[in-house]
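For reference, the structure discussed in these notes is given below.
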4 protein chains.
Amino acid sequence: MAVAGRTKRQVLLEFRTTEILEAARTVFAQHGFAAATIDNIALTAGVAKGTVYLYFPSKRDLFLACLREGVLALHAELAAELRAASNCQARLHAFIAVRFQYFSRNRDFFRIYYTEFSQLVAGNAQPEFQDLYEQQAAVLESVLADGVQSGLFRPCDVPGTARLVYDLTRAALAQHILHPAAETPEIPIDSLYQFVLKGIGPS
Amino acid sequence: MAVAGRTKRQVLLEFRTTEILEAARTVFAQHGFAAATIDNIALTAGVAKGTVYLYFPSKRDLFLACLREGVLALHAELAAELRAASNCQARLHAFIAVRFQYFSRNRDFFRIYYTEFSQLVAGNAQPEFQDLYEQQAAVLESVLADGVQSGLFRPCDVPGTARLVYDLTRAALAQHILHPAAETPEIPIDSLYQFVLKGIGPS
Amino acid sequence: MAVAGRTKRQVLLEFRTTEILEAARTVFAQHGFAAATIDNIALTAGVAKGTVYLYFPSKRDLFLACLREGVLALHAELAAELRAASNCQARLHAFIAVRFQYFSRNRDFFRIYYTEFSQLVAGNAQPEFQDLYEQQAAVLESVLADGVQSGLFRPCDVPGTARLVYDLTRAALAQHILHPAAETPEIPIDSLYQFVLKGIGPS
Amino acid sequence: MAVAGRTKRQVLLEFRTTEILEAARTVFAQHGFAAATIDNIALTAGVAKGTVYLYFPSKRDLFLACLREGVLALHAELAAELRAASNCQARLHAFIAVRFQYFSRNRDFFRIYYTEFSQLVAGNAQPEFQDLYEQQAAVLESVLADGVQSGLFRPCDVPGTARLVYDLTRAALAQHILHPAAETPEIPIDSLYQFVLKGIGPS
DNA sequence: CATGAATGAGCATTCATTCAT
DNA sequence: AATGAATGAATGCTCATTCAT
């Protein structure tokens with residue numbers, strides 16, 4: 001009973017947390033951080049305003065929780081795919097493909113992610129988010145470093161190029177999410193992969 | 001006399017406008033649109049709050065004026081360099097170089113530019129800004145199209161690739177502005193240009 | 001339980017609404033619409049500024065609510081008295097008497113009512129208020145029409161005369177409220193009624 | 001020369017004063033006191049904002065000057081007509097007719113007059129205006145008193161009845177100005193006069 | 001636990017008034 | 001005398017946060 005009680009409590013806690021997080025993601029994506037209101041999020045989540053504060057201490061924290069949750073899920077998917085990839089080129093392809101597919105499935109999250117990323121540029125980002133960002137860059141960096149060592153990629157400034165590729169995929173995604181006409185996420189993936197591999201110079 | 005009087009007025013008008021615009025750029029860059037306050041901008045500009053409204057009808061208008069001014073100056077510089085370039089590869093290089101150099105010189109403006117750009121992704125951008133954006137993409141597109149036709153670039157989806165390159169430069173700039181350690185803007189330019197031309201694949 | 005809960009909420013809602021409405025009436029009567037401030041109203045009501053906006057969406061709405069509430073109460077009293085009156089002359093007397101007595105009891109409201117009425121003249125009145133005004137004029141008109149038909153009143157331009165009498169009572173009330181020396185509302189009522197009936201000409 | 005110089009100055013002073021006063025009347029009539037702006041008045045008068053303050057020390061003073069000017073002109077016309085009238089009934093008729101005709105010719109002024117009058121009810125009117133008002137009431141009162149004494153009017157509470165008649169004409173005017181359909185000011189005058197004389201009772 | 005009424009700091013915007021030219 | 005740029009106090013309204021029920 002005691003165990004079941006605690007479990008039930010745990011379940012409810014998680015349920016509410018998820019519920020509010022999802023509502024927040026939707027609202028933040030639609031209006032941006034500043035224009036989103038706790039009222040609107042609570043309404044969307046189907047709870048009272050005060051309830052939001054039982055689960056998240058502040059609006060900013062709620063926003064960051066949205067960000068963290070999405071980024072961690074993305075990282076998990078990416079890690080799985082990278083493990084499954086056989087060589088560096090496959091891992092590079094996986095890096096691009098997973099991000100494309102994940103964000104295509106979670107467009108609301110992408111809007112939040114992209115907006116917050118732009119805060120990085122303004123120098124106002126949360127340290128935690130910056131760390132998550134750096135972490136991903138490091139993953140890609142190691143893929144590139146392996147590739148260069150094994151001769152599958154041509155020698156280059158690995159950290160700089162890693163960031164370049166990282167940023168490029170984000171930028172391409174922004175295009176893709178921005179112009180939802182292209183409903184087929186596969187094509188941009190390969191096209192992007194080819195661009196990264198061969199550039200636009202003459203063969 | 002009349003001419004002098006009008007000139008004096010004109011001068012004051014321009015002076016104040018510039019003064020306020022510069023203050024606004026600084027404050028918007030530091031805090032973002034929503035968190036910036038007119039009070040703060042006025043204080044920074046060294047004028048009273050009401051004075052700001054003598055020159056700009058609203059906070060939003062002031063923000064857009066910052067954006068417009070910077071974008072137009074950038075476009076002007078770019079147009080001059082493109083005219084001076086001898087062939088498509090030189091023009092592609094100029095496209096990348098001018099943007100890099102302009103934004104390196106105007107970092108506050110870049111923050112505003114980048115943030116507003118992220119609003120494009122959220123679908124909340126001003127039509128005027130979207131037009132300016134599209135216009136630049138079109139410029140790059142024509143450079144690429146010429147290059148493909150003349151064989152200097154390999155055949156590709158020109159509009160898509162143009163956006164890719166466009167977005168890549170912006171993303172690389174974000175990196176560069178974000179990590180101001182690298183005070184030498186020349187290296188990223190060439191490195192970026194090489195990346196665009198040859199990708200990272202093995203030669 | 002549910003009923004009690006809902007009732008309690010209902011009670012609080014009505015209590016606060018009334019509380020704010022009364023404060024607003026006082027403040028609007030004292031300063032007029034433009035010079036009244038929400039701050040002052042909130043202070044008078046003993047609530048915070050934001051609370052006012054929980055019950056009324058805007059200053060203008062609050063003002064109109066004051067107006068509406070008072071006018072509707074007046075109309076209700078008038079309707080009851082008119083039903084109780086036996087003939088047209090009695091109804092005319094009731095029309096005058098009820099208005100006199102109601103406004104004597106609600107002087108703050110009269111100030112608001114009278115001020116807003118003057119907006120009618122400037123052509124800036126709310127349509128809703130204009131409707132309420134016209135409605136009352138129509139009531140009096142039907143009293144006069146009946147009276148003319150039954151020979152109790154002499155033939156005349158009924159709509160025009162109705163407005164004349166309507167306006168006259170309002171004007172007389174303004175006098176009465178303005179000079180509160182005469183604390184006996186009965187005398188002006190009969191004196192006014194006699195004036196309406198017989199004018200000032202020689203018998 | 002000195003005389004001419006002073007005269008020229010005098011002329012200009014009067015010209016500007018009138019110019020601004022007329023503009024103010026128009027703007028106050030259109031927007032009411034609170035919503036009227038000095039900017040708008042200056043623009044309408046064709047002078048700079050600061051110039052208004054050379055002729056009138058404050059917005060409120062400008063408003064009161066509008067009021068005073070119009071009221072004094074009305075009083076002058078009324079005095080002339082009263083002197084020309086042969087007996088009390090003629091003077092009563094003149095009282096009604098002059099006011100009707102004057103305000104019909106000066107509708108903008110009527111709006112200001114009427115609005116300010118409603119301030120009297122709220123107890124916020126300027127003492128000066130109250131005096132002007134009382135003065136007119138006294139004029140009418142003496143007409144009525146004479147009439148009662150000479151048997152042309154039936155005995156009544158003279159002061160109270162004077163105010164009644166006074167207010168009635170103002171109210172009827174409001175109707176007339178409010179519903180400009182009736183472009184013939186003569187009819188309401190006689191109709192009003194008859195009402196005052198005979199009331200609506202059966203003959 | 002959940003609620004939602006209440007709070008009040010905060011901000012964009014307006015405009016009467018002043019004063020240097 | 002005339003101007004109009006500059007001022008800054010004033011105010012309607014919003015919304016994150018708190019807390020009594």
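In what follows, chains are A, B, ... by sequence order, proteins preceding strands, each numbered from 1. Please read all numbers here as calculations on a predicted model, not as lab measurements.
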### Backbone of Val47(C) reached by a side-chain donor or acceptor of Thr51(C) within 3.5 Å
no
### Query
Under 3.5 Å, is there a donor-acceptor pair linking the side chains of Thr37(A) and Asn40(A)?
no
### Query
Rounded to the nearest Å, what distance is computed from the CZ atom of residue Arg16(A) to the P atom of nucleotide dC1(E)?
10 Å
### Message
On DNA chain E, compare the nucleotides closest to Ala36(B) and Val52(C); which residue's is nearer the 5' end?
### Response
Val52(C)
#### Entry: Rounded interatomic separation in angstrom, taking CD from Gln10(C) and P from dG4(E)
14 Å
### Interatomic distance, Ile20(B) atom CD1 to Phe56(B) atom CZ [nearest 0.5 angstrom]
6.0 Å
### Message
Working to the nearest 0.5 angstrom, can you tell me the gap between Glu69(B) CD and Leu21(B) CG?
### Response
4.5 Å
### Query
Are the charged groups of Arg25(D) and Asp108(D) less than 4.0 angstrom apart, N to O?
no
### Summary
The nucleotide from dT3(F), dT3(E), dC15(F) with an atom nearest the side chain of Thr51(A) is dT3(E)
#### Entry: d(CG, Asn40(B); C1', dG10(E)) in whole Å
13 Å
### Query
Between dA10(F) atom C1' and His31(C) atom NE2, what is the distance in whole Å?
14 Å
### Message
So that I can tick it off, tell me whether Glu116(B) and Arg60(B) are bridged by a salt bridge, with the cut-off set at under 4.0 angstrom between side-chain N and carboxylate O.
### Response
yes
## Note on the structure
Between CG of Asp61(B) and C1' of dA12(E) the distance, given in whole Å, is 13 Å
## Note on the structure
To the nearest angstrom, the CG-P distance between Leu54(A) and dG4(E) comes to 13 Å
### Message
Quick check for you: to the nearest 0.5 Å, what is the distance between Phe28(D) atom CZ and Ile112(D) atom CD1?
### Response
7.0 Å
Listing time: all N or O pairs from protein to nucleotides 17-21 of chain F that are below 3.5 Å?
residue : atom : partner  : partner atom : Å
dT17(F) : OP2  : Tyr53(A) : OH           : 2.8
dT17(F) : OP2  : Lys59(A) : N            : 3.0
dT17(F) : O4   : Lys49(A) : NZ           : 3.1

### Query
In Watson-Crick or G-U wobble terms, both distances under 3.5 Å, what is the partner of dA2(F)?
dT21(E)
### Message
So Tyr55(A), base contact, sugar-phosphate only, or nothing? Heavy-atom distance under 4.0 Å.
### Response
sugar-phosphate
### Task
Measure from CD1 on Ile41(B) to P on dT13(E) and round the result to the nearest Å.
11 Å
### Query
What is the distance from CG of Leu43(B) to P of dC11(E), rounded to the nearest Å?
13 Å
#### Entry: Any strand: nucleotide that pairs with dT7(E) via Watson-Crick or wobble, under 3.5 Å
dA16(F)
